[in-house]
Structure formats: C-alpha cells, structure tokens
Number of protein chains: 2
Amino acid sequence: MTNEDVPKDKRLKPGEAQKLTMAEVAKYVGVSAMTVSRAFRQDASVSEETRKRIMEAVDALGYVLDLSAGSLSSRRSGFIAALVPSINNSNFSDTARGITDALENTGLQLLLGYTDYSAEKEEELIEAMLRRRPEGIILTGGSHTARARRMLAKAGIPVVETWELPEDPINQVVGFSNSEAMSLLVRTLAGQGYRKFGYIGGTTARDTRGSQRRSGFQKTVEELGLGPGRMISFGVPPITMEQGGQAIVSLLERWPDTEVVLCVSDLSAFGAIMECTRRGMKVPRDIAVAGFGDYEISSICHPRITTINVDCYGIGRQAAGRLLHALQSGEATGDEITLTGYRVVLRESTDRNGTPTA
Amino acid sequence: MTNEDVPKDKRLKPGEAQKLTMAEVAKYVGVSAMTVSRAFRQDASVSEETRKRIMEAVDALGYVLDLSAGSLSSRRSGFIAALVPSINNSNFSDTARGITDALENTGLQLLLGYTDYSAEKEEELIEAMLRRRPEGIILTGGSHTARARRMLAKAGIPVVETWELPEDPINQVVGFSNSEAMSLLVRTLAGQGYRKFGYIGGTTARDTRGSQRRSGFQKTVEELGLGPGRMISFGVPPITMEQGGQAIVSLLERWPDTEVVLCVSDLSAFGAIMECTRRGMKVPRDIAVAGFGDYEISSICHPRITTINVDCYGIGRQAAGRLLHALQSGEATGDEITLTGYRVVLRESTDRNGTPTA
DNA sequence: TCATCAATTGTTATCGATACCATATTGTCG
DNA sequence: CGACAATATGGTATCGATAACAATTGATGA
C-alpha cells in the first residue's frame, strides 16, 4: 500500500510511512532481533563485526530505538523524576542543571516538573511521574500531602528530598538547614554591630524554605536579646523583585529606625535596594540589606549584596548521585542525610564603613 | 511467596512487594481489565457506578496507572519534547513554562532538554527524545545538524521551531526576527539622536539568535549612515552579567566617544551598567545602554534598562498550541509561521534628558 | 582426539496496557 | 410485541523490545 491508496486526509507525512522496528533492521542485516537489541547495549556480547554491520544498517534505514517498548520489557523506565517549585528561579534551575549533569552517560533521563510551591500540585505531579515508573525521584523540601507520601512509599523507589532537612524524611535527604543558615547570617551581622533587624518574606507557609528562614531569623534575633524582629510579609511566594521594593517601603514606614533588613531571597533584596536607591536612600549608609541564595545578580549589582551562598548546583548533583548509588547498590541503601554547604558572603550592602563608591 | 522466602539482599523494600497491575485491580473489583482501563479514560463507556467501584479499589489498593505499557499499546507516548539552549536563562525558562501551561489537562507531558547552545548536543538530545516517541517536538532556533534534520523528518511528528524565523523551516515556526527587532531598537535610539553606536555580544556563532541580533545591529547602523558599528565580542554564549561589564570596558577603551551601547541581552546590559556605575560613569548621562529580552531585572534596577520586550512565555504557549492543533487535526497541517510580538521598551538607561534621580 | 568452555547468536515467552471485535443487556419505537 | 439501537462489558491479539534459556561454533587442553 502506497500513499496513493489512502485518502488524502489520512496520508502519512513524508518519511512517516514506515515505522521501523528492530525486527526489520534485523531482517535487513540477516540476524535476529535479539542480536540487534544487543548491539545497542555496550555490555552485551555481540561480535564487533556484527555490531558494525547492524549499526550501518541502523544508520542507513534511520532506525531509532524505541525505549518505551524496551522499558516495558526490561522493567526499567530509564527515567528519574524531579520536582522543583519553579523553573524560573535560578536557584532551582541550577539544581535541575546539577541533576541533568549527574545523569549524563548513565542512560537515565530527567523528567522535570514544577510544583508552583503547592503541595497539591506536587501530589498531582508525583502521580503523573509515577505513571512513567521512574527509577528514582527527587523532591524539593519535606512537606508533602499524605497521599503523596503513600504513593511514594508504595512505589518502592528511592526518594531524595532536597533543599531542606525534613523532620520526617521519607528516604534520603540532600540539603541544609535554612533556619540555621539564616541564623548564621543574623549572628554575623549582629557581630558587625547591627542591632535593629528587619525581615522581608512571603505571606504564606507554602514556601517551607521561606518559613524556615523566617523562623531562623526570628529565633536568633530574640536569642541575641534584640527584641522581636520587625517582620514584613509580602506577596505569595515566590516573592518578586518588585515586591521586595514594596515590602521595604512598608517596613521602613512602620519601623523607620531599622538598621538592617534581611530578605528571604536575593531577588527581593535586590528589589528592596533598588527601591531605596530610587527614594534617595543610600545602601548601606542609610539602611543595610542582605539576601539569601547568592544569585548571580548579587555579585554584580551596585552595591553588591551580602547573602548566603547555597550550593544549588551541588544539591542537584548530589541528589542525583545518591539516587544513582541507591540504584546500583540494589536499593538496599539506608536513609542517609547529606548535608550541603552554605556560607555567609559579606558584601557592600551591609558594609558598616559606609557607602561604596558611587 | 512472602518476603521471608527470599534472600535478604533480594528482599523488596516495604511497600514494593506487590507490583500492582490493572488485572489485579480488575480481579479485586470483579470486572475485566479492559473495564478498568476504560474507567481511567473520560471518553470511554463505563457505567458511572462501575467506574466509582473501580476508582475506590484503585484508591484502596494504591494502584498507579502504567503509561509505558499503555503507550506501547496505544502507540501514543503522551510526550511532547522540547529543547531549549539553557534552563538557567529566564527567557527560555519562561518559554518552558509557557509550554508546560499549554499542555495542562491535555494528557501530554513535557520532556525537557538543554542543548547548551550546541547543535551537536541538540542532535544527541533529539535522538534521546525520539527514543521516547514524542508526539511532537519543540526546538529553539533553526540551526540543526543534517542528521538531526533527517531524524526529525523520519520521525513523522510535528516540529515547531521557536524564537527565530529560520530560512529553511522544518515544519512550523513560532517566533520573530531577532535581526529586525534589534534593527528597530537601533532606529528608535537613532531617532532620539544617538549617533555613535556600540554593540556587545558573544564571540561565536553558536548562539544563532545572538548572531542575528548582531547582524541586525550592524546592517541598520550602516543603513542609517552611522558608519560601521563598534562591536565587541566577549565570551562564549550565553554571556554573563560579568562579561557584560568586562566588555563595555574594552569597548570604551577602544572607542571612548561611544554614545550608546546595545547588548545582546539584558543580562550583559545590566553587567555593563553596573560596571560603569562602579567606575564613576553615570548611565545614561555619560553612556547610554540598552539590552534585549526585557528580563525582570531591567524594570527594577537603577537605572531601568531600555530593552526589547519579547513574549517568551507566549512563544512557549503558542508553540505548544500549534503542536496540539496539529495533533488534533490529524497531522495534516501545513507548515505555518506564527509571528510573535516584540516591542521597544524605552527606559531610563537611554533617556536623553540626563540621569534619573540618584 | 574428545570433552569442556567461552563467545556468539537464535527462539520463545513476556512485560502491562489497549485496540478491536464480540456479546450481553436494556431501552425504544412503530 | 418484535426488531433494532444504544450502552456496557468481556475476550483476545498486539504493541516492540528484552529476559531467559537454548543452540551453535570454534578453541583449548588433558
């Protein structure tokens, strides 16, 4: 049957005509399909000469392996699933990049999803991912719906939670304490003489890392005897640069004598600083500002922003590494916690010796 | 066979024990597997009561549909593949987000890959994607290896090229002319009285959109009789904020009387402006700077950056929309070109009336 | 020289869902 | 009231690769 025999609207597009299968490649070469299958794997026993002939045929015919058939048979999907809150946030896209890089040459492919900081969306996505039977799954944070937890348990695959230290880990963890990191920043700045601390973050508890940073701030300010922190909540996470600007205005209206403002992320810190600059205030002379996450912008902008550097890329790489390890060692791995580093990066925006060159 | 019967190292993890299949759910409910399969699809004919019983059983047993089996049988993978140069660039992650959103509730899932601006990497990824038999594929740009083109043709699936207007489109296109967009920016600024134009971009031709912007700049500057543009190439794409800063220093060393510098993206423009500020130059009083892409940062920073706004999100949405359309209408769609909008956004960084409030 | 073994290749069953067709059941209309 | 349609459900083959096992070949060594 050629294209001429079928009605026009059912005609295949050029090239679509023959859906090649392994069996056809095999026939073309004069071997069995099994041998062709073997030729595609590096560990299989096929003579070099046969493999070469097969690969030439594959090339000539334009055959492309069909992994969905293969994975059904081998019961290995070749997928790793990863869920991040947002892909438009460079911290998380760095993590995604780390995962991708770690998966290179492992024969595993990344299935990426965005939860929009919502546990319900996460639940949906987990189900959607599990329908593809991933061999492992990487999540952001430790806050999941009950059904999500049940599905994950039932799936029987290694799970890595990242970016936090969940109280009740599912399996493996690769992350750090957001609360302690923020605490360290508070202590460092207090050590420089700052006393009147403000904080800018999002409103809801959807962003668990944000909440942890906030409580780390709150707790530490009180521990240092600096009274209750001056907290402004602004916008649904992730809070934007613009919201950072609006938030610092509210904060300074309410507590005009604030000396330093810590922000849930560098993005809001940047927005805050720009807004201050626009209103004629000098950072850090009139008000000091610090962020969290060490985004590229913070080392470039003027003034440069004091922040907490987080190893976003490393979180991804290590999370994928833990999964790979678990897959190799026969899934019998214990539930480990891998701590990733963070450090305070002091820059111009909190420099006590006044303003930078302007 | 219980867990006790198997050697310890082969024991399944808790919960993994029974890999549930549809047949088991069916037996549990007392219907056929086929009926269970139907219950999972909204268009299939199953009585409401049966569907309800089945879904209760699914819930009770914790069954999760296996799409890899389903797609083999139905010959529909449920995947859409998309390749972007980088996920760490917010322009492209916006496009990815647009695709994801457009795919919501279509039963299609996004398989995302990063080409790192490399046609070779793209070729590899195209093959990796095709092995999953996606129902459509979205590419960035129109520059592909010959083998990539062959594979795509053979795959017989709709292809959408985005972010450019390729000279030789494979199938559908959703994008705009980077060259004309840059040209428009040059003309607009020339209309404001600028005469001595500089340009900052990456070195190689890997980033085809970058090259197109550059040639649009070059051509237009000459057409306007403003002599050859002052071009600086700096770094392998994507060029960073920091490289933007280094580039403008080189450019001003070489051509100190330059009046306005156009940058391949807002990121390098931002870096350039910050570096100028640090060196005591005021933007735009001493030097005007414009970017491309209208990143969030450009409307927030100080001075705000003149740029070309591109509908990144819309490119993704429309590209996915074109694919969906092609899939519905039986793949017989013609090869269309969908133009997406762009516009000049004039801001402080090129304001001829001197510096903004500082 | 013959048994043994490693390397290579083939055969068959199977992974788990769905397409396709058949069948049972209920309802409808002249 | 009988024939036919519409709805609901079941049975079987099948998607395309791979696991598991079998078979063939040539080489090796006692």
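Throughout, a chain's letter reflects where its sequence line sits, starting with A, and its residues are numbered from 1. Just so you know, these numbers use all the heavy atoms, side chains as well, and skip hydrogens, waters and symmetry mates.
Between B/H144 and B/E123, the side chains place no donor N or O within less than 3.5 Å of an acceptor N or O (distance only, hydrogens not considered). Judged purely by distance below 3.5 Å, without hydrogens or angles, the side chains of B/E164 and B/T208 pair a donor atom with an acceptor atom. Residues A/S118 and A/T115 bring no donor and acceptor atom of their side chains to less than 3.5 Å of each other.
Between A/Y63 and D/dA17, a side-chain N or O to OP1/OP2 separation shorter than 4.0 Å is present. Applying the 4.0 Å criterion to OP1 and OP2 of C/dT9, one finds that A/S47 has a side-chain N or O inside that range. Contact annotation: A/T50 reaches the phosphate of C/dT9 (side-chain N/O to OP1 or OP2, under 4.0 Å).
For the pair B/F40 CZ and C/dA17 P, the computed distance is 9 Å after rounding to whole Å. Note: CZ (A/R132) to P (C/dG16) measures 17 Å, nearest angstrom. Atom CZ in B/R133 sits roughly 19 Å away from atom P in C/dT18 (whole-Å rounding). Residue A/M34 contributes atom CE, which lies 12 Å from atom P of C/dT9 at whole-angstrom precision. A/R75 places its CZ atom 11 Å from the P atom of D/dA19, with the value rounded to the nearest Å. One can place NZ of A/K19 at 16 Å from C1' of D/dA17, the figure rounded to the nearest angstrom. Regarding A/E48, its CD atom lies at a distance of 15 Å from the C1' atom of C/dT9, rounded to whole Å. Between the C1' atom of C/dT25 and the CD atom of B/E49 lies a distance of 15 Å, rounded to the nearest Å.
The side chain of B/S73 sits closest to D/dC15 out of D/dC15, C/dT9, D/dA8. Side chain of A/S37, nearest nucleotide from C/dA17, D/dT18, C/dT8: D/dT18. Residue A/R38 places its side chain closer to D/dC21 than to any other of C/dT8, D/dT18, D/dC21. In the set D/dG16, C/dA17, C/dG10, D/dG16 carries the atom at the smallest distance from any side-chain atom of A/T21. Between D/dA8, C/dA17, C/dG10, one nucleotide has an atom nearer to the side chain of A/V31 than all others, and that is C/dG10.
A residue-by-residue look at B/L72 and B/T35 shows that B/T35 has its nearest nucleotide of DNA chain D further toward the 5' end.
When heavy atoms are screened at a 4.0 angstrom cut-off, A/R41 is found touching the sugar-phosphate backbone but no base atom. Using a 4.0 Å heavy-atom distance criterion, A/S32 is classed as a base contact. Within the 4.0 angstrom heavy-atom criterion, only backbone atoms of the sugar-phosphate kind lie near B/S74; the bases stay farther away. Using a 4.0 Å heavy-atom cutoff across all strands shown, A/S68 reaches no nucleic acid atom at all. A/M22 comes within 4.0 angstrom of sugar-phosphate atoms only, judged by non-hydrogen atoms across all strands, and of no base. Nucleic acid contact class of B/V36 (heavy atoms, under 4.0 Å, all strands): none.
Annotation for A/R76: atom CZ does not count as buried by contact number, only 12 or fewer foreign heavy atoms lying within 6.0 Å.
Partners of B/R132 according to the side-chain hydrogen bond (donor to acceptor under 3.5 Å, both in side chains) rule, which considers only residues two or more places apart in sequence or in another chain, are A/Q109.
A/F92 and A/Y117 have perpendicular rings, their planes meeting at more than 60° on a 0 to 90° scale where under 30° would count as parallel.
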